[in-house]
Amino acid sequence: MRRTVFDDDHEAFRQTLRSFIESEVTPHYEDWYEAGLVPREFYYKLADLGLFGISVDEEYGGAGLDSHKFEAIQIEELTRAGVTFGGSNVHVSLCLPYLKMLATDEQKQRYFPKFVSGEEMWAIAMTEPGTGSDLAGMKTTAKLSEDGTHYVLNGSKTFITGGVHADRVIVCARTAPQREDDRRFGISLLAVQTSLEGYEVGRKLDKVGLKTSDTAELSFTDVKVPVEDLLGDENRGFSYLGQNLPSERWGIAYGAYGQAAAAVQFAKDYVQQREVFGKTVASFQNTKFELAACQAKVDAAQAVADRSLEALDAGELSPAEAASAKLFCTEVAAEVIDRCLQLHGGYGFINEYPIARLYSDNRVNRIYGGTNEVMKSIIAKDMGL
């Protein structure tokens, strides 16, 4: 399908990244998959490649490129190869926007150099065991000390991607009680060092998919967080979370499109090699029709994903458009991947085949970043319904 979203610089980056994946990721991926974890030292290789600093200002060691297009290429190349980089996506795609938006000059000088070099890996902790998508109902608290020098953090979080390897975590916590007229009031964001006393990493959760992405439970017992690590204004955390949701949902939409495209390629390669009844599976009309229908859906998802990418780079991606992109692309991916797995027959259910892992990895797309039911509510509200 004809595209205009990427230029020659982007394509040069694509080739560099593709070579890196072939030499540094694919040969080791089976071991990472079995361990359920990407080695911590691997993140230094990603940093050396420049992936952590693409949109960080040059004065802090980054490239200063204010664009998500390099991130989009990374998504495409990872899905094409059937691999993931673990928590590095959270480090850049989820955490960096908060730092760029909220960090003071002093905080940027402390945070960004280590962020870019991989010395400090970041994660974000929003979800709690009893609240799920109801962020306003969170119970984790951060009370200001009497002398005003630090917050005392208590509570727990779950489903924290990158939580095992994280050196700093953006923790969402209550610094003031809810108001009767505003449940969202009183939430603040703290950049918490994981080495602080009372900070504990609990279970590494055993997920259905995304096996190389470390996901953990966290707990906080009287953790003393310096006030210098408050991000933005106190009690305004919920509004900050809302401002970054369109970007997060675009990332999920783009990843889902990439997964669907990869599924079609995996299935195409398989059916051209696999023989039944003395003929390749690709020679049967049903196979051709199934893959043609899947390709048409991938083309549509690509158009939606690219349009959202352009809007995001222009600073014009609305919450409703991001929700629509996430809803459409994730639903398309679920259907396409399922149909492509079917074309693999029994081998599609074996984890050594990338389509099987893709099938498992894809399922969470309709849950995290806001469930697809929530996306429908956002879209409907934007329609005036």
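The chain is numbered in sequence order, starting from 1.
Aromatic ring centroids of Y60 and F115 lie 6.0 Å or more apart. Checked against the 6.0 Å centroid criterion, the rings of Y240 and Y98 do not qualify as a close aromatic pair.
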Problem - Intermediate values then yes/no, side-chain contact (heavy atoms from CB on, under 4.5 Å), L343 and E290 - result: CA-CA 9 Å; L343 289 173; E290 283 291 288; 4.2 Å; yes
Practice task
Carefully, step by step, assess D48 and K45 under the rule salt bridge (Lys or Arg N to Asp or Glu O under 4.0 Å).
Solution key: CA-CA 5 Å; D48 290 342; K45 294 184 178 181; over 6 Å; no
Exercise for the section: For L153 and T140, run side-chain contact (heavy atoms from CB on, under 4.5 Å): C-alpha distance rounded to whole Å, both residues' side-chain angles, the deciding distance at 0.1 Å, then the answer. Expected result: CA-CA 7 Å; L153 180 66; T140 296; 3.7 Å; yes
Exercise for the section: Could you check S324 against M375 for side-chain contact (heavy atoms from CB on, under 4.5 Å), going step by step and ending with a plain yes or no? Expected result: CA-CA 7 Å; S324 178; M375 299 304 102; over 6 Å; no
Handout entry: Derivation of the salt bridge (Lys or Arg N to Asp or Glu O under 4.0 Å) call for K211 and D206
Key = CA-CA 8 Å; K211 292 291 189 177; D206 183 16; 2.9 Å; yes
Exercise for the section: Kindly indicate, with the supporting measurements, whether the criterion salt bridge (Lys or Arg N to Asp or Glu O under 4.0 Å) is fulfilled by K326 and E248. Expected result: CA-CA 10 Å; K326 179 185 185 293; E248 179 182 353; over 6 Å; no
Exercise for the section: Step by step, work out the side-chain contact (heavy atoms from CB on, under 4.5 Å) result for L51 and S88. Expected result: CA-CA 9 Å; L51 296 187; S88 66; over 6 Å; no
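Aromatic ring orientation, H165 versus Y43: perpendicular (interplanar angle above 60°, classes split at 30° and 60°). Ring geometry for Y270 against H344 counts as parallel: the plane angle stays under 30°, on a 0 to 90° scale with 60° as the upper cut. Classified by interplanar angle (parallel below 30°, tilted 30° to 60°, perpendicular above 60°), the ring pair H91/F52 is perpendicular. Taking the six-membered ring for Trp and thresholds of 30 and 60 degrees, Y254 and W250 have ring planes inclined between 30 and 60 degrees apart.
Counted within 6.0 Å of NZ on K69, heavy atoms from surrounding residues, nucleotides or ligands total more than 12; the atom is thus considered enclosed. Heavy-atom neighbours of F112 CZ from other residues, nucleotides or ligands within 6.0 Å: above the threshold of 12. Atom NZ of K108 is surrounded by more than 12 heavy atoms from other residues, nucleotides or ligands within 6.0 Å. Residue K143 places its NZ atom among 12 or fewer non-hydrogen atoms of other residues, nucleotides or ligands, all under 6.0 Å distant. When the shell of 6.0 Å around CZ of R184 is examined, it contains 12 or fewer heavy atoms from other residues, nucleotides or ligands. Counted within 6.0 Å of CG on D182, heavy atoms from surrounding residues, nucleotides or ligands total more than 12; the atom is thus considered enclosed. Heavy-atom contacts from other residues, nucleotides or ligands closer than 6.0 Å to CD of Q243 number more than 12. By the neighbour-count criterion of 12 heavy atoms within 6.0 Å, atom CD of E197 is sparsely surrounded, having that number or fewer from other residues, nucleotides or ligands.
S145 places a side-chain N or O within 3.5 Å of a backbone atom of H150 that can act as its donor or acceptor partner. Of the possible polar contacts, one joining the E128 side chain to the K139 backbone as a donor-acceptor pair under 3.5 Å is found. Looking at T287, its side chain does come within 3.5 Å of a backbone N or O of V281 through a donor-acceptor pair. Checked by atom type and distance alone, the side chain of K157 pairs as donor or acceptor with a backbone atom of M126 at under 3.5 Å. Proximity of a side-chain donor or acceptor of R168 to a complementary backbone N or O of V192 within less than 3.5 Å is not detected. No donor-acceptor pair closer than 3.5 Å links the side chain of S93 to the backbone N or O of V90. Not a single donor-acceptor pair under 3.5 Å links the side chain of S247 to the backbone N or O of N244.
The two residues S308 and A325 make their nearest non-hydrogen contact at OG-CB, 3.3 Å. Contact between F42 and V25 at its shortest, heavy atoms only, is CZ-CG2, 3.7 Å. Residues R174 and F185 come closest through the heavy atom pair NH1-O, 2.7 Å. The heavy-atom pair separating D147 from T149 by the smallest distance is OD1-OG1, 2.9 Å. The two atoms that bring A47 and S117 nearest to each other are CB-O, 3.2 Å, heavy atoms only. Here the shortest heavy-atom pairing between T175 and E234 reads OG1-CG, 3.5 Å.
Looking only at side-chain heavy atoms (C-beta outward), R274 and T280 stay at 4.5 Å or farther from each other. Between T26 and I21 there is a side-chain heavy-atom pair separated by less than 4.5 Å. Side-chain contact between R80 and Q265: absent, with no pair of heavy atoms (C-beta onward) separated by less than 4.5 Å. Counting heavy atoms from C-beta outward, L218 and S156 have side chains that stay 4.5 Å or more apart.
Under a cutoff of 6.0 Å and an axis angle of 45°, R357 and Y33 form a cation-pi pair. A cation-pi contact links K279 to F284, judged by a cut-off of 6.0 Å to the six-membered ring centre and 45° from its axis. For the pair R366 and Y368, the cation-pi criterion (under 6.0 Å, within 45° of the ring axis) is not fulfilled.
For R14 and E76, the salt-bridge test passes: some basic side-chain N is under 4.0 Å from an acidic carboxylate O.
In the model, N154 has no side-chain atom that pairs as donor or acceptor with a side-chain atom of T141 under 3.5 Å. Side-chain N/O atoms of D299 and Q295 include a donor and acceptor closer than 3.5 Å.
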